[in-house]
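For reference, the structure I am asking about is given below.
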Amino acid sequence: MAQGYLEFDVARCKACELCVYFCPREALGMDKHRLNILGFNPVTLIKAEMCNGCGICAMMCPDSVITVLKE
Amino acid sequence: MKKVLMKGNEALAQGAIDGGCRSYFGYPITPSSEIAEYMARKLPLLGGVFLQAESELAAINMVYGAAATGARVMTATSGPGMSLKQEGISFLAEAELPCLLVNISRGGPGLGGIQPAQSDYFQATRGGGHGDYHIMVLAPNNVQEMMDFAIEGFALADHYRIPVMIMAEGTLGQMMEPVIQRESVPLLTDKPWATDGCKNRKPNIINTLHLSPDVLEQRNMILSDKYQEIKRSEKKAETFMIEDADYIVVAFGLLSRVAKKAIMELRQQGMKMGLIRPITLWPFPDEVIHQAAPQVKKFISIEISMGQMIEDVRLAVNGMAPVEFMGRIGSVPSPQEITRRLAQMVEGEIK
Amino acid sequence: MKVVAKKPESLTEAKYHYCPGCTHGIIHRLIAEVMDELQIREETIGICPVGCAVLAYNYFNCDMLEAAHGRAPAVATGIKRLLPQNTVFTYQGDGDLASIGLGEIMHASIRGELITVFFVNNAIYGMTGGQMAPTTLLGQVTTTSPYGRKKEDSGYPVKMAEILALNQGSAYISRVSLHNPANVIKAKKAIKKALETQKNREGFSMVEILSTCPTNWGMNPLEALKWLEQEMIPYYPLGDFVSKKEA
C-alpha cells in the first residue's frame with residue numbers, strides 16, 4: 001500500500017471537517033491544540049500511517065488547504 | 001474628399017467607422033434604427049462585429065464587455081432605450097471604459113412620441129444612473145457634425161477613458177444634408193488595462209465593486225480629478241453676435257439653427273440679439289455665458305422640452321441677469337414662431 | 001514523490017471569503033484544475049456575478065471582470081465576439097442567472113454564444129443573507145419565504161438545465177452535484193466537456209452545479225451535503241441534457 005503524505009496550508013482551513021468525514025481511512029482530525037489565523041482548529045493528520053495518498057480529502061476541501069503527495 | 005448627401009443617422013454611423021469603430025451592439029428603436037441597419041451592412045465587410053441584442057439593457061453590457069477588450073465599440077438608441085442603459089453607463093463610467101453612446105432623442109416621458117425632443121438633457125448631463133459619475137455629451141446641429149462628432153467622440157473616449165454620448169434630436173437623425181467624408185483615423189491607442197488574456201503579463205481585473213470605503217472614496221477622487229480636467233479643457237460652444245447683444249438666446253442641437261434664423265430676423269428689426277450654442281452639453285460651457293452676463297438684459301433658453309438646460313444657464317449667469325424659458329414639445333418650432341415669441345419676450349424692455 | 005493534488009496554478013494565492021464548507025471553493029478549484037489541464041489560463045477571461053462569488057475576480061488567476069447583476073452573459077458576449085480565439089466563461093449564482101439575468105442567459109443560449117456558463121445552484125440568495133431564489137424548493141424556508149415557499153405565491157423552482165437544453169444554440173448542458181467525491185469527479189468532467197465544447201466552437205455550454213449554503217440553510221457543511229442529496233437531486237436530476245457531440 002503506497003504511503004501518502006499531506007501538506008496543510010493551515011491558514012486557509014475553516015474547520016468544515018468535510019475532509020475528515022470523507023477520508024476513507026479516517027486518517028484526519030481537527031487539531032484541538034491550536035487555532036489558525038482565522039480562529040479555527042485546523043485539520044491535521046491523526047493517523048499518518050493510514051494515509052495512502054488517495055486525494056479524496058483534497059477533492060472535498062472547499063479551501064484548497066491540502067496538498068497530497070505519494071511515493 | 002467628395003461631398004455626399006447623407007442621412008444624419010448614417011453619417012454618424014460612417015463617422016464612427018472612420019473613427020475606428022469595429023463593433024456595435026444595439027436594439028432597434030425609432031428614430032435611431034438606421035444607425036443599427038447601417039452598421040449591420042458595413043461592419044461585417046470590415047471584419048467588424050454587429051450584434052442585435054435582446055434588449056438595450058443587454059446591449060450596454062455587451063458594450064461593457066467589448067470595451068473591456070480594448071475595442072472601439074458603440075451603441076445607439078433613443079430615450080426609452082437610454083433609460084434601460086443607465087445602470088450599465090454607471091458601471092462603464094466607474095470602470096473607465098471608453099465607448100460611444102448615441103441618443104437620437106424623441107419625445108417623452110413614458111413611451112412618448114417619435115417626434116424630435118431635447119427632454120433627455122438631464123438624463124444625459126446629470127446621469128440617470130447611480131453614483132457620482134459623468135459622461136461627456138456632444139450635441140451636433142448638422143449632419144456633418146453627426147459624422148465628425150462620432151470620430152471625435154472615440155478619440156475623447158479613449159483619451160479620457162470615459163463613455164462619450166452624442167445626443168441629437170430625432171430630426172437630425174432622419175434629415176439629409178451633404179457631408180464631406182473625413183480621413184479615417186489611425187486605429188487604436190494602446191490599452192494595457194484591457195482584459196484580452198493575460199499572456200506575458202499579470203492578470204487584469206475590471207471591477208467596480210469596492211467594499212472598502214477608503215478604496216471607494218479613492219476611486220471617486222480619481223474620477224473627480226478626471227472630470228475636473230475635462231471641465232478645464234473640453235468645454236465647447238459656438239457664439240453668434242453676442243459681443244453687443246442686449247439679449248442672448250441659449251440653444252443647442254438642430255434647434256440652435258432655427259434660433260439663429262430668428263435672431264438674424266430680429267437683428268434686422270433693430271433688436272441686439274445674440275446666440276450661444278453649447279456644443280458640449282457636459283462639460284457645460286458656462287464661462288462663455290458667465291462672461292457675457294454683465295452686459296446682457298436677459299437670457300432666453302430655448303429648448304424642445306419643458307425646460308432643463310435653463311438650469312445650467314441660470315447657474316452660469318449666477319443671478320447677473322434674468323433667465324427666461326421658451327419651450328416646445330414634440331416638434332422643432334419654426335423660425336417665424338421663435339421670432340414672434342422672442343419679440344414678445346423682449347417687447348417690454350425695448351421702448 | 002508524485003503530487004496527487006495541489007492548488008492549481010489557475011487559482012491565485014488569495015484566501016476565500018466563503019463560509020466554512022461552502023462548495024463555491026470546490027467549484028473554483030475544479031474550474032482552475034481544468035484550465036490548467038487545457039493550458040488555457042493565459043487566454044481565459046472570466047466574468048463574476050453579483051452574489052457570493054462576486055469576489056471571484058480575486059481568486060481566478062486569469063483576466064477577470066465583474067458584471068452587473070444578471071448581465072454576465074451579455075458582458076461575456078461582448079468579449080467573445082471581439083476575441084473569438086479566447087476562452088470566456090461566466091460564473092453565476094441562481095439569483096444572478098435564473099432571476100434578474102434570465103433574459104440574458106436565455107438569449108446567450110438562443111444565440112448559441114460560444115461561451116461557457118458555470119451556474120451555481122444552491123437554492124437560496126447567499127450574499128444578501130438567505131432570501132428565496134427562483135431555485136428555492138417548495139416548502140423551503142428562507143428569509144423571504146419564512147413559512148416555506150408556496151407555489152401559490154411564487155410558483156415552482158426553475159429547472160435551468162432543462163430549459164436551456166431546449167434551445168438549439170445549446171451544445172452542452174449538464175447538471176452535476178458536489179455532495180460526494182464520485183460526484184465531484186463527474187462535475188470536473190462536465191466542466192472540462194463544457195470548456196472543450198467552447199474550444200471546438202460547437203455552441204453554448206452550461207454546467208449547472210448543485211451546491212450548498214450551510215450558513216443560510218442553517219446546517220453544518222456535512223448536513224448541507226446530505227440535504228442537497230436527499231432534497232435537491234430528486235427535483236433537479238443530474239446528467240447531460242444536451243451533448244451535441246453525441247447528438
Side-chain angles (χ1 to χ4, degrees), chain B residues 22-25 27 43 47-75 84-92 94-95 97 99 129-130 188 193-211, chain C residues 10-12 14 17 35 39-51 54-88 90 100-111 113 115 127:
Chain B
R22 290 297 178 275
S23 51
Y24 180 92
F25 301 90
Y27 190 84
L43 285 181
V49 170
F50 168 83
L51 179 58
Q52 180 173 313
E54 58 269 29
S55 71
E56 293 92 344
L57 195 150
I60 197 69
N61 282 284
M62 292 175 186
V63 164
Y64 188 95
T69 70
R72 282 189 165 170
V73 58
M74 167 186 171
T75 184
L84 283 176
K85 291 176 168 172
Q86 292 304 309
E87 180 197 35
I89 293 170
S90 169
F91 273 65
L92 283 161
E94 200 292 335
L97 290 175
C99 56
H130 54 288
L188 305 185
W193 44 263
T195 51
D196 53 2
C198 64
K199 198 169 183 52
N200 308 323
R201 63 169 169 72
K202 255 175 12 54
N204 284 333
I205 294 174
I206 293 180
N207 156 55
T208 62
L209 175 72
H210 307 292
L211 291 174
Chain C
S10 292
L11 286 180
T12 66
H17 69 288
M35 281 169 64
Q39 295 181 321
I40 55 172
R41 183 183 75 82
E42 289 185 333
E43 43 121 321
T44 297
I45 298 152
I47 295 116
C48 317
V50 170
V54 67
L55 296 175
Y57 54 77
N58 289 325
Y59 308 135
F60 285 107
N61 189 18
C62 61
D63 278 0
M64 295 296 294
L65 294 96
E66 194 288 307
H69 198 25
R71 314 312 170 195
V75 173
T77 298
I79 293 170
K80 185 68 179 190
R81 293 293 174 122
L82 268 301
L83 300 173
Q85 307 315 324
N86 289 64
T87 299
V88 180
T90 74
I100 190 170
L102 193 59
E104 277 73 18
I105 195 68
M106 272 303 280
H107 281 279
S109 157
I110 286 166
R111 289 192 304 266
E113 206 64 49
I115 60 174
M127 180 177 77

Closest non-hydrogen atom pair between Asn61(C) and Pro203(B), with its separation: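 Heavy atoms only, the tightest pair is OD1-CG, 3.4 Å.
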Proximal component of Leu51(B), with respect to chain C [non-hydrogen, under 4.5 Å]: side chain
4.5 Å side-chain heavy-atom contact, Lys80(C) and Val49(B): no
Gap between atom CE of Met62(B) and atom NE2 of His107(C) - 0.5 Å precision: 9.0 Å
Under 4.5 Å from any heavy atom of chain B - which part of Ile40(C):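 Contact with chain B involves no heavy atom of Ile40(C) at all.
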Closest approach of Ile79(C) to Gly65(B) (non-hydrogen atoms, all atoms of both residues):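 Nearest pair, atom of Ile79(C) first, then Gly65(B): CG1-O, 3.4 Å.
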Inter-residue atom distance Ile45(C).CD1 - Thr69(B).OG1, 0.5 Å rounding: 8.0 Å
Between NZ on residue Lys202(B) and OG1 on residue Thr12(C), distance to nearest 0.5 Å: 11.0 Å
Chain B interface, residue from Glu43(C), Glu66(C), Met106(C) that has the most non-hydrogen pairs under 4.5 Å: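 Going by pairs under 4.5 Å, I would pick Glu66(C).
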Toward chain B, the part of Ala68(C) with a non-hydrogen atom under 4.5 Å: both
Which atoms of Arg111(C) approach chain B - backbone, side chain, both or neither, heavy atom under 4.5 Å: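 Only the side chain of Arg111(C) comes within 4.5 Å of chain B.
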Side chain to side chain, Glu87(B) and Arg71(C), heavy atoms closer than 4.5 Å: yes
Contact summary for Gly103(C) and Glu54(B), nearest pair of heavy atoms: O-OE2, 3.7 Å
Ala194(B) portion near chain C, given a 4.5 angstrom heavy-atom threshold: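 For Ala194(B), the contact with chain C is made by the backbone alone.
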Nearest heavy atoms of Cys62(C) and Cys198(B), plus distance in Å: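 Smallest interatomic distance, heavy atoms only, reads CA-SG, 4.2 Å.
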Between CG on residue Asn58(C) and CG on residue Leu209(B), distance to nearest 0.5 Å: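 The distance works out to 9.0 Å.
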Side chain proximity check, Asn207(B) to Met64(C), heavy atoms < 4.5 angstrom: no
Check: Asn204(B) main-chain N/O paired with Asp63(C) side-chain donor or acceptor under 3.5 Å: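 It does hold such a pair.
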Leu65(C) side, atom CG; Leu97(B) side, atom CG - distance, nearest 0.5 Å: 8.0 Å
